[in-house]
Every structure is written in structure tokens, then in C-alpha cells.
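All values reported here derive from a predicted model rather than from experimental measurement. Each chain gets a letter, A, B and so on, in the order its sequence line appears, and its residues count up from 1.
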Amino acid sequence: MTQSTGSSAIHWFRKGLRLHDNPALLSALAQPGELRPLFILDPHFVAHAHVGVNRWRFLQQSLQDLDDQLRARGSRLFVARGQPETILPELFKQWRVQWLTFEVDTEPYALKRDAQIEALAQEAGVVVDSRISHTLYSVHRVIQANHGKAPLTYVSFQKVVAKLGDPPTAVACPPTFPTQSQLSSPADLSDVRYNVPELEELGVKAAELRTCRFPGGETEGRRRLQEYLSDKRAGWVRAFEKPQTPPNSLEPSTTVLSPYLKFGCVSSREMYWRLQDILKKGKHSQPPVSLVGQLLWREFYYVVAADTPHFDRMKGNPLCKQIPWDDNPEYLKAWSEARTGYPWIDAVMIQLRDEGWIHHLARHAVACFLTRGDLYLSWEDGQRVFEELLLDADWALNAGNWMWLSASAFFHQYFRVYSPVAFGKKTDPTGEYIRKYVPKLKKYPKEYIYEPWKAPLSVQKAAGCIIGTDYPKPIVNHDTIHKVNIGRHKAAYSQGKDSNQASGTTKPAKRPETGSKGQTSMTKFMKKK
DNA sequence: CTGACTGTTGCAGCG
DNA sequence: TCGCTGCAACAGTCA
């Protein structure tokens with residue numbers, strides 16, 4: 001049994017799976033007595049979060065890396081199993097805990113959980129110290145600085161954070177944990193009950209896993225940060241413009257730091273300041289398209305999500321356009337299982353399932369296809385699939401981007417529709433990306449690789465892949481359906497305006513007579529009261 | 001209140 | 001190959 005001599009501290013890892021730039025961990029280190037770094041395998045994430053095998057593996061690797069790094073410092077990671085509100089009070093007693101530290105998490109589940117834990121800690125006489133380090137700023141400071149409500153456009157968000165000045169600089173982690181080596185009992189360090197879980201314990205079968213392209217963990221994350229933000233790439237960093245990076249290159253055209261930022265293996269603040277070091281030495285691109293701009297997008301969605309009820313749903317979400325999406329399980333299944341019959345869409349969905357990461361613009365293409373572009377299914381359906389399959393699935397960003405792409409919030413130019421044929425062609429005219437991820441189509445000539453159903457039967461036979469037999473026919477006709485869907489969206493938008501008008505919240509109609517036709521003047525007329 | 005302007009990343013057709 | 005226009009036309013911001 002563990003014989004704790006004096007008082008002790010727990011640093012509770014949740015996100016923020018890193019040692020560097022971890023102010024809450026530093027705070028725990030500064031307390032007298034022992035420090036036990038803790039992670040809790042919360043059954044909530046098994047039961048309610050849609051976590052696919054690739055993300056479980058990423059988490060497992062991240063925990064293993066933390067344990068390795070902590071052991072090198074004379075400590076270890078303690079992984080407990082169960083509900084935090086049960087586990088922590090037990091550990092408070094068992095380890096004579098006086099201090100509990102953790103990183104602030106602004107997601108709804110985390111807020112509720114942490115409020116409960118703070119109350120339990122108070123009962124147990126444990127002092128809680130929580131620190132902000134997942135985001136560049138405190139989301140509440142941003143909201144305060146914008147008159148108490150979240151900015152709803154990127155431009156206004158930028159203005160608000162400009163007022164706040166620079167985010168805090170990153171803090172280093174000491175190479176050894178001095179109190180730990182002196183005070184921790186050997187039994188603790190070798191207590192197998194708190195070992196890092198194996199994949200089987202997380203319900204992951206080795207057979208379900210493909211090659212690991214992006215291993216989890218702080219060590220790998222910082223290696224990646226170093227690689228992409230090295231001197232040798234300074235020119236690339238300064239010239240970076242997100243929309244100019246191809247979504248269908250065979251190797252990622254962007255940094256793929258998103259999974260590491262999601263889990264906090266890499267600190268957004270450290271990344272921010274390392275970018276500043278590079279940018280100050282020369283002319284460079286600007287937000288929103290620059291790399292700093294990408295960090296600000298992340299921050300933007302965190303802020304809006306923290307200020308919006310039911311941010312991950314359509315109903316009850318005041319930001320979200322209310323749209324009568326179709327309910328079609330067959331379409332949804334075809335999309336998520338890469339059977340739409342559009343090679344570019346299917347290739348993206350295969351890469352997503354196999355590797356856990358796809359380029360941002362590839363996400364645009366498949367998200368538009370699922371929602372306003374082609375299938376007219378709810379963005380919440382797509383959100384659920386992405387939540388399962390993406391290594392970087394992040395609650396605020398996932399919901400925010402799905403609303404963006406489905407023209408439900410933030411973005412409203414629903415008449416700009418991605419073509420499942422033309423979009424990929426721009427950056428990969430010969431279809432190498434499709435050949436890699438949909439090998440059945442590998443032998444198609446480039447003239448037909450994006451539209452194999454248009455190939456003459458002789459060509460299909462020569463390629464060894466008959467459309468309708470070996471590879472599906474397109475489930476919808478994009479050329480016709482996308483126009484129908486634009487019309488449906490237009491109707492849904494004006495419906496929304498009318499109901500807002502009825503409840504007396506919105507401004508009256510703009511746009512007088514001039515050249516507006518049919519529906520527009522009708523809408524105006526009705527609204528004019 | 002109005003109108004001009006802007007908005008990370010549309011497409012097809014044209015010169 | 002690139003950059004422009006027309007397509008039809010949205011919300012939010014600002015002067």
C-alpha cells in the first residue's frame with residue numbers, strides 16, 4: 001500500500017497532454033510535497049463521444065509519451081479508470097491531496113464536470129488551481145472585450161484580440177521533478193494499476209488499424225512543429241496561404257499539427273510565438289490565410305462556441321440557420337463509406353477513414369457535398385462522422401466548420417457550390433490522389449478518372465472496373481441537384497427571415513425595386529409589413 | 001435608414 | 001496558364 005508521508009498534489013491531465021507550456025503543471029510542481037501527474041480514463045468518452053480507432057490510438061500514444069517523459073524526470077503518469085467525480089475524491093484521501101491543478105477546458109461537458117470536481121475538492125479541503133493554456137487567450141476575456149458577446153465574424157474577432165495585445169509566452173518545463181525523486185514511494189512508481197492502457201483496453205483491435213501516419217504525443221508533436229517551423233522552411237512559413245495549398249497532394253501540403261493542438265500535445269502559444277520569430281524576419285502573409293491566421297480561426301471557434309448554447313446542434317442554437325434537411329440513411333451511409341460514385345469525394349472519405357486526417361479544403365468538398373451541395377443531409381450527420389474519424393476532431397472547430405460549410409452560420413454564400421468533379425481537378429488534373437485512395441479506378445485514363453461513368457464501356461473494361469458493378473454510379477446528378485438545393489436553401493433562408501420578422505427581432509427588408517425579380521420582391525413585399 | 005463594401009478557399013467560359 | 005467576368009445573390013458591418 002502507498003504510504004504517503006505528507007501532503008501531496010495532483011496535476012490532472014485532460015487535454016494539454018504535454019509538459020512544456022503547462023502552467024497548471026508548473027503550479028503543481030511549485031507545491032511542497034509529492035506530485036502525482038494523473039490522467040483519468042473517463043467512461044463518458046467511451047459511451048458518448050464518437051471516438052474511432054485512430055483517435056484512440058493517438059490518445060494512447062500521447063499517454064505513453066507523457067509517461068515516458070515523466071519517468072525520465074523521476075516521476076510517472078498515473079492513469080486511473082472511472083468517473084472523475086468518483087475517482088478524485090478517493091485519490092484525495094488515499095494520497096492526502098492538498099492541491100489539484102488542471103488546464104481550463106471550455107467545452108460544455110468539461111465545464112459541468114469541472115464544476116462538480118471543484119465542489120468535491122472544496123469538501124475535501126483540496127485547493128484547486130486551474131490555468132488557461134489550451135487557447136491563446138481566455139475566451140471569456142475576448143467575450144468581455146467585445147461588450148459581453150462573442151464576435152461573430154473573423155474580422156471583428158481580429159479587432160478584439162488586437163485590443164487584448166499579444167497572448168502570453170510559453171513557459172518551459174524543468175528537466176527534473178526534484179520533489180518527486182525524493183518523496184515518491186517506489187511502490188507508487190511501479191504500481192501497475194495506474195499503467196498506461198494498452199489499445200485492447202480502449203476497445204481497439206489491432207486488425208482495425210492501418211499504418212500510423214501521425215503518431216500521438218508531445219515528443220512527436222514538437223518534432224513536427226520543429227520540422228515545419230525550422231529555418232529551412234522560413235520562406236514557406238512566411239508565404240503560407242491556406243487556400244493556395246492543394247487538398248489532394250499525396251503528402252500533406254500543410255503542417256498536420258491540428259491533432260497535436262487538439263490534444264494539447266503542442267501548445268498553441270508556443271506555436272504562435274515561434275511563428276512570430278520567423279515572421280519578424282521578413283515580409284509575410286497575413287490572417288486569415290497565414291499560419292497565425294489558422295491559430296486565430298481555432299481561437300475564433302473556441303470563443304463563439306463558449307458563448308453559444310447548443311453550439312453543436314441546429315435546434316436551439318441561435319446562430320444556426322434552421323434548415324429542413326433531408327433524412328436519408330442510405331445517402332449518409334454511402335457518403336461515410338465512400339460509395340457516392342464521385343471518385344474525388346470517395347477518395348477523401350477513404351483517406352479520412354484510413355489516416356484520420358484530410359486537408360481542410362478536402363473537408364470543404366465532402367462537407368458541401370453532404371449538405372447544401374448534393375445530398376442535402378444535416379451537417380450534424382457529417383459532424384458525427386468527422387468526430388469519429390478525425391484525429392483532430394475538436395468539439396468547437398468541428399461544429400463551427402460544419403455550420404460554415406453548410407451555410408448555416410458564419411458563411412452565407414450558399415450559391416457558391418463545390419463541384420465534386422471540377423474542384424479536385426484544379427490541383428490534381430491527372431487524378432493521382434484518386435488512384436492512390438480508390439485503387440479500383442487506378443487504370444482509368446485521366447480524361448475519365450473524375451467521371452468514370454462517362455467512360456465508354458470499352459474503356460471501363462480495359463481499366464478493369466465496370467461502373468455500376470465494380471464501382472458505384474453517382475448517387476446523385478450534381479449538375480441538376482445542386483441547383484435544386486440552392487433553391488431549397490434560398491427558401492429556407494427566407495423562411496427564417498419571415499419567422500424572425502414575426503417575432504419582431506430582425507431589421508426590415510432592404511433592396512427596393514431595382515431589377516430584383518420574382519421571389520425577392522415578393523419577400524420584400526411581405527416583410528415590409 | 002440606406003447603400004456600399006466585404007467575406008480564408010465556386011464554377012464555367014473567355015481572352 | 002492565369003486572371004477576368006457573369007452567374008445569382010447571402011449576411012454583417014460601417015460610414
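- Lys159(A) comes within 4.0 angstrom of sugar-phosphate atoms only, judged by non-hydrogen atoms across all strands, and of no base.
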Would you check, one step at a time, whether the test ring pair (Phe, Tyr, Trp, His ring centres under 6.0 Å) holds for Phe410(A) with Tyr301(A)? CA-CA 10 Å; Phe410(A) 311 117; Tyr301(A) 285 124; 5.7 Å; yes

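- Separating the NE2 atom of His359(A) from the P atom of dT9(B) is a distance of 14 Å, rounded to the nearest angstrom.
- dG7(B) atom P lies 22 Å from atom CE of Met403(A), rounded to whole Å.
- Set against dG10(B), dT8(B), dC11(B), the side chain of Ala422(A) has dC11(B) as its closest nucleotide.
- Taking atom P on both nucleotides, dC5(B) is separated from dT5(C) by 15 Å, rounded to a whole Å.
- Spacing of P atoms, dC4(C) relative to dT6(B), comes out at 15 Å, to the nearest Å.
- Distance from the side chain of Gln413(A) is smallest for dG7(B) among the nucleotides dG7(B), dC11(B), dT8(B).
- The pairing partner recorded for dT9(B) is none, the criterion being a Watson-Crick or G-U wobble arrangement whose two distances lie under 3.5 angstrom.
- Within 4.0 Å of Glu241(A), counting heavy atoms only, lies no atom of the nucleic acid at all.
- A salt bridge does not link Glu337(A) with Arg353(A): none of the charged nitrogens is closer than 4.0 Å to a carboxylate oxygen.
- Closest to the side chain of Ser419(A), from the set dT9(B), dG12(C), dC11(B), is dC11(B).
- The pair Asp381(A)-Lys333(A) fails the salt-bridge criterion, with no side-chain N (NZ, NE, NH1 or NH2) lying under 4.0 Å from an Asp/Glu carboxylate O.
- Taking atom P on both dT8(B) and dC14(C), the two are 14 Å apart, rounded to the nearest angstrom.
- The pair Glu387(A)-Arg384(A) does not count as a salt bridge, with every side-chain nitrogen at least 4.0 angstrom from each carboxylate oxygen.
- For Lys426(A) and dC11(B), the shortest distance from a side-chain N or O to OP1 or OP2 is below 4.0 Å.
- For Trp404(A), whose side chain is taken as the heavy atoms from C-beta onward, the closest listed nucleotide among dG10(B), dT8(B), dA11(C) is dT8(B).
- One finds no side-chain N or O of Lys490(A) lying less than 4.0 angstrom from the OP1 or OP2 phosphate oxygen of dA8(C).
- In this structure, Trp344(A) atom CH2 and dG10(B) atom C1' are separated by 14 Å, rounded to whole Å.
- Here, dC1(B) and dA15(C) have their C1' atoms 12 Å apart, quoted to the whole Å.
- Asp327(A) CG: 12 or fewer foreign heavy atoms inside a 6.0 Å radius.
- In this pair, Phe415(A) does not lay its aromatic ring on the base of dC10(C); centres under 5.5 Å and planes under 30 degrees do not both hold.
- Taking every side-chain heavy atom of Tyr418(A) into account, dC11(B) is the closest of dC11(B), dT8(B), dT13(C).
- Using a 4.0 Å heavy-atom criterion, one finds that Phe423(A) contacts the sugar-phosphate atoms exclusively.
- Base pairing of dA9(C) is not made with any nucleotide, judged by Watson-Crick or G-U wobble geometry with both donor-acceptor distances under 3.5 Å.
- Nucleic acid contact for His489(A): none, since no nucleic acid atom lies under 4.0 Å from a heavy atom of the residue.
- Within the shown strands, dA15(C) is the pairing partner of dT2(B) under the Watson-Crick or G-U definition, both distances less than 3.5 Å.
- Base contact: Val289(A) has a heavy atom under 4.0 Å from a base atom.
- A salt bridge is absent between Lys425(A) and Asp428(A): the closest approach of a Lys/Arg side-chain nitrogen to an acidic carboxylate oxygen does not fall below 4.0 angstrom.
- Of the listed nucleotides (dG10(B), dT8(B), dC10(C)), dT8(B) has the atom at the smallest distance from the side chain of Gln294(A).
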